[in-house]
There are 2 protein chains.
Amino acid sequence: MTTELSFLADCPARLAFDLLAHTWDPVTLWALRSGPVRHGQLRVRIGGISAKVLTETVRRLEFNGLVARDARGAYELTPLGRTLLPALDALGVWAVDHGDAVLEAQDGHTSER
Amino acid sequence: MTTELSFLADCPARLAFDLLAHTWDPVTLWALRSGPVRHGQLRVRIGGISAKVLTETVRRLEFNGLVARDARGAYELTPLGRTLLPALDALGVWAVDHGDAVLEAQDGHTSER
DNA sequence: CAGCATCCCGGCAGATACTG
DNA sequence: CAGTATCTGCCGGGATGCTG
């Protein structure tokens, strides 16, 4: 499992995006905010993710040191993973504040055509 | 061009990640921070991106209302796009602060094996 | 229930060559 | 120089079925 990181164009944020590039990465991290959760429970909490993909996602986050497994096989955020939450939240706040504007921009282009 | 947005697992940050999901999206946005830039110039500034992919990237950002084209065909951030910069920067700061820890975690797993 | 092995499908990114 | 058309390789995500 190799998570090739890119160091292009002195855009430091790219590292973070590479770590969370896959579809379910941010949602999984988010779902682990409130503490350790086991596979089945986590699957329900996320919703719409297959068992295979959830395993892949968690393994990748684990490999990158953002998630760990406790003794009983439950998944939880590592201290490192927790440090990412505020930045993730900043994006969430942006989405809540400006999500509508994005949709409007999209609609604008589709109706003009 | 359809940019399907996901609304899963009440993770608001997902919207932002969907908008910047493609490889060169964050870097492109970042490269436009300092003002309008034309295609060729932008291509050099980003580095390593093909002309085709740059066009696709810029078109997509334009479609989502984050980037606009001025009269002379130069690309620039829209006001909406600018609002995203602080959150992007938050991720960048995180990467600078914790990037090493990620690499250590990766090395740890690869050497243990 | 957790995890792994397959197979399939679709889309992204790269390379190339061509048009205004 | 900007943009497009085409082809190709690759990988992520979904579905299914099987093992402890």
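What you see is a predicted model; the values in this text were computed from it and never measured. Lettering follows sequence order; numbering is per chain, from 1.
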May I ask you to decide if B/Asp25's main-chain N or O and B/Thr57's side chain share a donor-acceptor pair within less than 3.5 Å? no
Exercise answer: donor-acceptor pairs, residues 81-94 of chain B side-chain atoms, under 3.5 Å, sequence neighbours excluded:
{"from": "B/Thr83", "atom 1": "OG1", "to": "A/Trp94", "atom 2": "NE1", "distance (Å)": "2.9"}
{"from": "B/Thr83", "atom 1": "OG1", "to": "B/Leu80", "atom 2": "O", "distance (Å)": "2.4"}
{"from": "B/Trp94", "atom 1": "NE1", "to": "A/Thr83", "atom 2": "OG1", "distance (Å)": "2.9"}

Quick one: are A/Ile49 and A/Arg43 in side-chain contact, heavy atoms under 4.5 Å? yes
Checking A/Arg14 side chain against B/Thr23 main chain: does a donor-acceptor pair fall under 3.5 Å? yes
Student check: side-chain heavy atoms of A/Leu29 and A/Val67 closer than 4.5 Å: yes
Please report, rounded to the nearest Å, how far the C1' atom of C/dC4 is from the CG atom of A/Leu54. 14 Å
Does OP1 or OP2 of C/dC1 have a side-chain N or O of A/His39 closer than 4.0 Å? no
Taking the axis from the first five pairs and the axis from the last five, what angle separates them in the helix from C/dC1-D/dG20 to C/dG20-D/dC1, rounded to 10 degrees? 30°
Please tell me if the side chains of B/Leu42 and B/Tyr75 come closer than 4.5 Å, counting only heavy atoms from C-beta onward. yes
Within the modelled atom types, does a donor on one side and an acceptor on the other bring the side chain of A/Lys52 and the base of D/dG14 under 3.5 Å apart? yes
State which of D/dG13, C/dG3, C/dA13 makes the closest approach to the side chain of A/Val53. D/dG13
C/dG3 OP1/OP2 closer than 4.0 Å to side-chain N/O of A/Arg43: no
Does B/Ser50 reach a base, just sugar-phosphate, or nothing at all? Heavy atoms under 4.0 Å. nothing
From CG of A/Asp25 over to P of D/dC11, roughly how many Å is that when rounded to an integer? 17 Å
Would one find a side-chain N or O of A/Tyr75 under 4.0 angstrom from OP1 or OP2 of C/dA2? no
B/Arg59 CZ to C/dA13 P: how many Å, rounded? 16 Å
Could you check how far CD1 of A/Ile46 sits from P of D/dG14, rounded to whole Å? 11 Å
Rounded to whole Å, CZ of B/Arg72 lies from C1' of D/dA2 at a distance of 16 Å
Whole-Å distance between D/dC11 P and A/Glu56 CD? 13 Å
Return the value, rounded to whole Å, for the distance between atom NE2 of B/His22 and atom C1' of C/dG14. 16 Å
Distance-only, no hydrogens or angles: does the B/Arg45 side chain make a donor-acceptor pair with backbone N or O of B/Ala31 under 3.5 Å? yes
With a cut-off of less than 4.0 Å, is there a side-chain N or O of A/Arg38 near OP1 or OP2 of C/dC1? no
Counting only side-chain N and O atoms of B/Arg69, is one of them less than 4.0 Å from OP1 or OP2 of D/dG3? yes
Please report, rounded to the nearest Å, how far the C1' atom of C/dC1 is from the CG atom of A/Leu42. 14 Å
Within a strict 4.5 Å, meaning less than it, do heavy atoms of the B/Leu54 and B/Trp24 side chains meet? no
Check whether any side-chain N or O of A/Thr23 sits under 4.0 Å from OP1 or OP2 of D/dG13, and answer yes or no. yes
Compare the minimum distances between each of D/dG14, D/dT4, C/dG14 and the side chain of A/Trp24, then state the nucleotide with the smallest one. D/dG14
